[in-house]
Amino acid sequence: MAIENSPVEVFDTVFNRNDTRLSPSSSSQLDHETLEARIFKIIVIGDSNVGKTCLTYRFCGGIFLQNPEATIGVDFREKSLELDGERIKLQIWDTAGQERFRKSMVEHYYRNVHAVVFVYDVTSLASFENLPEWIGECSRHSVGPMVPRILVGNKCDLGGHREVPTSHAQRLADGYNFPLFETSAKDPAEKEHVDAIFLTLAYRLKSHKPLRLKQPSESSSSLLWYQREHETTGCQC
Ligand SMILES: Nc1nc2c(ncn2[C@@H]2O[C@H](COP(=O)(O)OP(=O)(O)OP(=O)(O)O)[C@@H](O)[C@H]2O)c(=O)[nH]1
Ligand SMILES: [Mg+2]
């Protein structure tokens, strides 16, 4: 896959607090590991409030994030894995579901993406019915058919409020030929299931080419990047 500069290079300047390998005491080890690791960009897409931030936080941070705020632009998370003796890094782009917080960022989300996770909320029929729109947006941005996609129904812990039967979701997933996962970012018993979503992608991506990797060099935040983007695009939102 051809690599251009932004937003991957922008990402590479982001210091990731969730990756324990980035502790100062292990910097020489980090240099070695970072240079060797292959990295893959995964975007997490779906309606606002479906739990994209909580799912990615559960995977990268291991805990349920209490009281998350709506994502503005994008939040970056990262996880290092060793699969069959090979070191890889997943760069996870937790995108904004709210139109006003994402509209100037959409091109960046899809550029050079290696895999896509579509999330809906099993207690929100609307979030499920909007999936074809998200899937269509992805295709309109030239994400090729070989880029793996996964469907995730979140908030299964709220069983009594379920509005999307598994059978309906499975039918949709089969129609697109996507794997379907139903899980909960909140339920600690589901932690391994959340991990399995991203590990499934990681194994599929192992045969892909690596992104060019630059050493993270400074602390940053998605909000700063978002603001910078808005300054350059003149967005008034
Ligand atoms: N019960 C339950 N609540 C959840 C779960 N995951 C997320 N939530 C709640 O759902 C709300 C929205 O979660 P977020 O992770 O911020 O949703 P989001 O998809 O990132 O929303 P945007 O950033 O606006 O796109 C929060 O109140 C979370 O506490 C879950 O698995 N179970
Ligand atoms: Mg969010």
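Whatever order the structure lists them in is the order used to number ligands and atoms, beginning at 1. Bear in mind that the values here come from a model prediction, so they are computed numbers and not experimental data.
Under 4.0 Å from ligand 1, the heavy atoms of D47 that appear belong solely to its backbone. Residue S48 touches ligand 1 through backbone and side chain together, judged by heavy-atom distances below 4.0 Å. With a heavy-atom cut-off of 4.0 Å, N154 touches ligand 1 through its side chain alone.
Atom 8 (N) of ligand 1 has as its closest protein heavy atom K155 CE, 3.7 Å. Ranking protein heavy atoms by distance to atom 26 (C) of ligand 1, first place goes to P68 CG, 3.8 Å. At the top of the distance list for atom 31 (O) of ligand 1, counting protein heavy atoms only, stands A185 N, 2.9 Å. Protein heavy atom at the shortest distance from atom 13 (O) of ligand 1 is G51 CA, 3.7 Å.
Rounding to the nearest 0.5 Å gives a distance of 14.5 Å between NZ of K155 and CD of E182. The distance from atom CD1 of I42 to atom CD1 of I150, rounded to the nearest 0.5 Å, is 8.5 Å. Residue T56 holds its OG1 atom at 7.5 Å from CG of D75, rounded to the nearest 0.5 Å.
Across the listed options I72, L158, N49, N49 owns the non-hydrogen atom lying nearest to atom 11 (C) of ligand 1. Across C54, S184, S127, A70, heavy-atom proximity to atom 7 (C) of ligand 1 is greatest for C54. Across V119, D157, V194, T71, heavy-atom proximity to atom 1 (N) of ligand 1 is greatest for D157.
Close contacts between ligand 1 and K52 involve ligand atoms 15 (O), 17 (O), 18 (P), 19 (O), 20 (O), 21 (O), 22 (P), 25 (O) [criterion: under 4.0 Å to a heavy atom].
Using a 4.0 Å threshold on non-hydrogen atoms, atom 22 (P) of ligand 1 counts as touching the protein.
Residues I45 and L180 are members of one and the same hydrophobic cluster, defined by side-chain heavy-atom contacts under 4.5 angstrom among Ile, Leu, Val, Met, Phe, Trp and Tyr.
By the 4.0 Å N-to-carboxylate-O rule, R140 lies too far from E133 to be salt-bridged with it. Residues R58 and E190 are not paired through a salt bridge, judged by the lack of any N-O separation under 4.0 Å between the basic side chain and the carboxylate.
When ring centroids are compared, F128 and H168 stay outside the 6.0 Å threshold. Checked against a 6.0 Å centroid threshold, the rings of F76 and W93 count as neighbours.
Checking S127 against D47 by side-chain atom types alone, no donor-acceptor pair falls below 3.5 Å. Side-chain contact of E163 with T123: a donor-acceptor pair under 3.5 Å is absent, judged by distance alone. In this structure, a donor-acceptor pair under 3.5 Å is absent between the side chains of Y120 and E129. Side chain to side chain, N154 and D121 fail the donor-acceptor criterion of an N or O pair below 3.5 Å.
Of the polar atoms of G97, at least one N or O is found under 3.5 Å from an N or O of ligand 1, judged by distance alone. Where the criterion is an N or O separation shorter than 3.5 Å, residue side chain and backbone included, V50 meets it with respect to ligand 1. Close N/O approach between N67 and ligand 1 is not found [any backbone or side-chain N/O within under 3.5 Å].
For the pair K79 and F198, the NZ or CZ position fails the cation-pi test of under 6.0 Å to the six-membered ring centre and within 45 degrees of the ring normal.
At least one heavy atom of F64 lies less than 4.0 angstrom from ligand 1.
Listed for the K206 side chain is no donor-acceptor partner under 3.5 Å among the backbone atoms of L201.
Within the sub-2.8 Å shell of the Mg ion (ligand 2), the protein contributes these N/O/S atoms: T53 OG1, T71 OG1.
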